[in-house]
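Below: the structure, in structure tokens.
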Amino acid sequence: MTDGTDFARRTHYVPAIRIAHESLLSDLPTPKISDLARSRGPEGASDYLAGLNTEQRLAVETTEGPVLVLAGAGTGKTKVLTTRLAHILKLGKARPWELLVVTFTNKAAREMRERITHLIGPSAEGLRWLGTFHSVAAQILRRHAELVGLKSSFTILDTDDQERLLKQLLEAANIDTKRWTPKSLANLIDHWKNRGWTPEKLPTTEDFANGKGQTLYAAYQARLATLNACDFGDLLLHNLTILSKHADIAQEYRDRFRYILVDEYQDTNVAQYLWLRLLTSSTGNVCCVGDDDQSIYGWRGAEVDNILRFEKDFPGAKIVKLERNYRSTNHILGAASGLIASNRDRLGKTLWTEDMTGDKVRVRGVWDGEAESRLIADEIETARRQGQKYKDMAVLVRASFQMRAFEERFVMLAIPYTVIGGPRFFERAEIRDAHAYLRLIQSEDDDLAFERIVNVPKRGIGDTSVQKILQIARHDGVSAMAAVRDLITSDELQARTRTALSTFVRDLDRWRALATDTRHWDLTETILEESGYTDMQKADRVTGQTRLDNLKELVQAMQSFETLQAYLEHVSLVMDLDKGAGDDAVQIMTLHGAKGLEFPLVFLPGWEEGVFPSQRSIDEKGEKGLEEERRLAYVGVTRAKSDARISFAANRQVYGRWTSQLPSRFVDELPIAHVEAESDTGYYGASGGMKEAKSRWDDAPSFGSGYSSPGWKRAQSFTAAQTPRSAQARHAVIEGDGRLVATADPKAGANWKCGERVFHQKFGYGNVQSIEGNKLLVDFEKAGEKRVIDSFVEKAG
DNA sequence: TACTTACGGCTTTTT
DNA sequence: GCCGTAAGTA
């Protein structure tokens, strides 16, 4: 595989920036966009440019050569992108299928398509190459699959399949799957793929399970090939292999894609970057739009570096900065800007707005998570009474586990809401079971699907038999189904198992025959019925009904796809149902899910240390992780058009245990001029009948009397300094009966020694490997090496 | 083979 | 606190 730099050297970018006014006047209508001209009336043609400001217009009209548009939050980024597309089409510079338009998320792709359709009409359907990186890469890979040892009918594995497969490999290699979990290997391999490393190219510094990393990775890839499958990372990685090894194919695509547009460029990873380089032709007509302050996918391998380096990568690049914000009021912008200013790694932009109306950002501290959901529900009701629509309000959380509290409260008060994201529909067990049946019918080779449902519902084919089948299949180099067909004619299995298997095979064959002349959703229903799956669920009084409902929803969803194949492809790439946000309902979603959206009223709950910023993020990535969390906070605040309301609770149940929480450091970073803090005297003050509660409150450092109070500030400085007291407050674990079961060592900060044996509440016993300030690298007996803060561990005698 | 109990991980975030 | 998996038992 060529790496990007080589490619750059071989390529000549033509920095010809032609500002397109003349072209506009010369008016070159193409039939493809005639709808546009018609719908815009006689003045028509340039109407769509009229609503743009100078910078936006420059970004739209600089069609030739590389362009980087640095678009701050709310500066009309999508408008620029879509208008630019329309403009290119209008000038007749390219036809819809000659444009490559990639986004990062499905939602962004969907929205982009909608907005372009709105702008240019039905010809937008010709935009065949508009989609996420992964979906476009999948399209390309299907055309050339044989070049990387796959059939074009390859399946795309999801994380669950991946982990099962890796688990088998780890067990085969006699590796302790508790110490070295399939999940961590899956993440690691994904990370490698995101960097564009095939097993052969894996740097020697990368490893897993003491020197077995590369071997495992290679074995995994080999296994995928025999299964005619690939994972998400492979979609891009195989593309890189194909495009760099086959110059003719690469050239074909470079000729095809006359213009490339990339949304959310700050979120691209190395593999995606290399992919873009391979597809960019010598004209260098590539336009990347992004905002370094909104890079929030570092954990997926995103390299902010890509955007910071753009000018070097694409010589002659023109850079356009969009800094005028059309979305939010001055206070919201001020609060967000003040927050993000604490980050060091940024290109630096200054957003401004003319909207000086509106309230300051409101910050509220409450007693516990329940009080928080009560408060927000009340404020929603109040806003509603004042004429706001539910759908104009959103609750944006850091992690999906925070959603439940709001759902419960909203149900109780009959506030309509939609959860976007959260537990994924297609990842539910029953849905995956149904898919496994369909996959097995579609392709006998799908061993993973076979394993999943061969004994679901119970058919009397136990684990021992399944293992035997798989062993024989692997030995003979055939699929599990082929092995089964053989085995039922032999004496190798018990008669009972044999009968069960032959019934299973007969059923599958019958369904497969049925598939040719039955609509796929009817087929699904038949299978679920005849396999006994429905009955199995009916027998389950606890979850059966919900699961059956989900299956009904599945059958429904299938109806909007032409073929079973198309449906399965969609499922593996999108992993979720498109929920129509048409109803008037409050939107509950994660901050990641909210990127690119805007709402008049935004609630930002859970601004507490450990929750937001997420403890894990800080533990794993340190300062970098923290900066990413801060960007996430920035994204959150900038979603608000007129009102942003931040809240934090002093106590929260985590894993079913009560823990006391400190307000997020981000709360203190908000510039006071744009913030209005309210303390809830009912909880903070001396009055109020919450005796037990109050005593618990007293366990935590006092910061409750108001935003600017010394107490609050002090609480923050405790956090920053990691003094024993803050550590104690953060990690005091109170059992349901109020008993204090564990606190951090009050002698924290004491001198640690390398090799010393320590105990950690979560990770157990381990030995100190190295010490950096208050951070210890500990090799835990069960959990492996972890970086922990010293106040979290105790000396273990 | 199937049912029961014990235990550990989980809560980042998405394709 | 809940879920799924692993180990133990009939």
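The figures here come from the full heavy-atom set of this structure, side chains too, leaving out hydrogens, waters and symmetry mates.
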Just checking A:Arg143: does its CZ atom have more than 12 heavy atoms from other residues, nucleotides or ligands closer to it than 6.0 angstrom? yes

Want to settle it: does A:Ile461 or A:Ser614 sit nearer the 5' end of DNA chain B, counting the closest nucleotide to each?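 Closest to the 5' end, via its nearest nucleotide, is A:Ile461.
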
Nearest nucleotide by nearest heavy atom, which residue falls closer to the 5' end of DNA chain B, A:Lys621 or A:Arg459?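 This one resolves to A:Arg459.
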
If you look at every strand shown and take non-hydrogen atoms under 4.0 Å, does [X] touch a base, only sugar-phosphate, or nothing?
{"X": "A:Asp158", "result": "nothing"}
{"X": "A:Glu264", "result": "nothing"}
{"X": "A:Phe133", "result": "nothing"}

Salt bridge check, A:Glu451 against A:Arg164: does any charged N sit closer than 4.0 Å to a carboxylate O? no

Does the pair A:Asp161/A:Arg432 count as a salt bridge with the N-to-O cut at 4.0 Å?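 A salt bridge links A:Asp161 with A:Arg432.
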
Any side-chain N or O of A:Asn106 below 4.0 angstrom from OP1/OP2 of B:dT15?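 It does, given that an N or O in the side chain of A:Asn106 lies less than 4.0 Å from OP1 or OP2 of B:dT15.
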
Between A:Ser572 and B:dT15, is there a contact of a side-chain N or O with OP1 or OP2 at under 4.0 Å?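 No, because none of the side-chain N or O atoms of A:Ser572 sits under 4.0 Å from OP1 or OP2 of B:dT15.
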
Find the distance [X]:[atom1] to [N]:[atom2] and express it as a whole number of Å.
{"X": "A:Glu569", "N": "B:dT15", "atom1": "CD", "atom2": "P", "result": "15 Å"}
{"X": "A:Lys178", "N": "B:dC10", "atom1": "NZ", "atom2": "P", "result": "13 Å"}
{"X": "A:Arg428", "N": "C:dC3", "atom1": "CZ", "atom2": "P", "result": "13 Å"}
{"X": "A:Met536", "N": "B:dC3", "atom1": "CE", "atom2": "P", "result": "12 Å"}
{"X": "A:Arg652", "N": "C:dG1", "atom1": "CZ", "atom2": "P", "result": "16 Å"}
{"X": "A:Asn187", "N": "B:dT11", "atom1": "CG", "atom2": "P", "result": "11 Å"}
{"X": "A:Leu237", "N": "B:dT15", "atom1": "CG", "atom2": "P", "result": "20 Å"}
{"X": "A:Asp190", "N": "B:dT14", "atom1": "CG", "atom2": "P", "result": "14 Å"}

Counting side-chain heavy atoms from CB outward, which of [options] is closest to [X]?
{"X": "A:Lys167", "options": "B:dT15, C:dT5, B:dC3", "answer": "C:dT5"}
{"X": "A:His592", "options": "B:dT1, B:dT13, B:dT15", "answer": "B:dT13"}
{"X": "A:Ala399", "options": "B:dT13, B:dC10, B:dA2", "answer": "B:dT13"}
{"X": "A:Gln653", "options": "B:dA2, C:dG1, B:dC10", "answer": "C:dG1"}
{"X": "A:Thr497", "options": "C:dG4, B:dC3, B:dT1", "answer": "B:dT1"}
{"X": "A:Phe232", "options": "C:dG4, B:dT15, B:dT1", "answer": "B:dT15"}
{"X": "A:Asn455", "options": "B:dA2, B:dT14, B:dT11", "answer": "B:dA2"}
{"X": "A:Ser465", "options": "B:dT1, B:dT15, B:dC10", "answer": "B:dT1"}

Report yes or no: is the cationic atom of A:Arg631 (NZ for Lys, CZ for Arg) closer than 6.0 Å to the six-membered ring centre of A:Tyr634, at no more than 45° off its axis? no

Ring-face cation contact, A:Phe154 with A:Arg142, 6.0 Å cut, 45° max: yes

Planes under 30° and centres closer than 5.5 Å, is that true for A:Trp299 with the base of B:dT13? yes

Parallel, tilted or perpendicular: which one describes the rings of A:Trp192 and A:Tyr217, with boundaries at 30° and 60°? tilted

